[in-house]
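Comments concern the structure below.
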Number of protein chains: 2
Amino acid sequence: MDRIPILKLRDYLLVTIQVELHDQLAVTLQDDLTQQLSRTHARGVLIDISALEIVDSFIGRTLAHIASMARIMDANTVIVGMRPAVAITLIELGMSLTGIKTALNVDKGMDLLRQSDVHGSDLA
Amino acid sequence: MDRIPILKLRDYLLVTIQVELHDQLAVTLQDDLTQQLSRTHARGVLIDISALEIVDSFIGRTLAHIASMARIMDANTVIVGMRPAVAITLIELGMSLTGIKTALNVDKGMDLLRQSDVHGSDLA
């Protein structure tokens, strides 16, 4: 697998991460996402990590980079589907994912993105 | 990876197939989908195969099984994101995916599911 598919759902982009994110795959995902944001004028990015049993510091940094890139392209990022064990690990690793919003599932994540749209970005 | 995540999007379930579907993974996906249909009362299933470069007869049959199971659980199935080369291969394999609806992307697939809801299932 050479790239992670990015799905367009109305005004948002949805990425489901199912495989281990090695270096090249992470770079490709970042490239693809910025291009899709530019092409589709999407207002937000939803990243589902429910398939990930482990989120190490590399993935944590990659997610933070994606959120930062999306933010300067005028889109909010919401991480959804984080497993309890992953949340514990992230905090133990000292990664609090500052600036990244999270929601329990895609529905709640989309609600969050819609609210951010209405009230203006508070991720700035 | 032991299972493919199933995302709930309002009244629909979304599955993005990114990895090769081996036997056990396909069985697990079918089990999980029927359980989710029962639990969430979803009205339709969207299966995105844009990441698949090859769809062999096993995957074709699995998709047909999923659509049949969803149908008897009162949900329509739409396959989205099929690559042109995959469409060619399927027809050459003699698999016309009878009874499965297709759409070019998730947005169009959701439109199709909504129309089916309004006009009643025509997959019967």
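Reminder, nothing fancy here: chain letters follow the sequence lines and each chain counts from 1.
The two residues A:A67 and A:I100 come nearest to each other via the heavy atoms CB-CG1, 3.8 Å.
Here the CG atom belonging to B:L97 is positioned 8.0 Å from the OG1 atom belonging to B:T102, to the nearest 0.5 angstrom.
Neither the backbone nor the side chain of A:N105 has a heavy atom closer than 4.5 Å to any heavy atom of chain B. Residue A:L14 touches chain B through its side chain alone, counting heavy-atom pairs closer than 4.5 Å. Proximity to chain B (any heavy atom under 4.5 Å) is restricted, for A:S50, to the side chain, taken from C-beta onward. Heavy-atom distances place the side chain of A:E53, and not its backbone, under 4.5 Å from chain B.
Hydrophobic clustering keeps B:M69 apart from B:V27 (ILVMFWY residues linked when any side-chain heavy atoms are closer than 4.5 Å, directly or through intermediates).
Between chain B and the options A:G81, A:P5, A:A51, A:G109, heavy-atom pairs under 4.5 Å are most frequent for A:P5. Of the listed residues B:K8, B:R10, B:E20, B:R3, the one with more heavy-atom pairs under 4.5 angstrom with chain A than any other is B:R10.
For A:R114 and A:D111, the salt-bridge test passes: some basic side-chain N is under 4.0 Å from an acidic carboxylate O.
B:L52 pairs in a side-chain contact (heavy atoms from CB on, under 4.5 Å) with only one of the listed residues (B:D56, B:I49, B:I54), which is B:I49.
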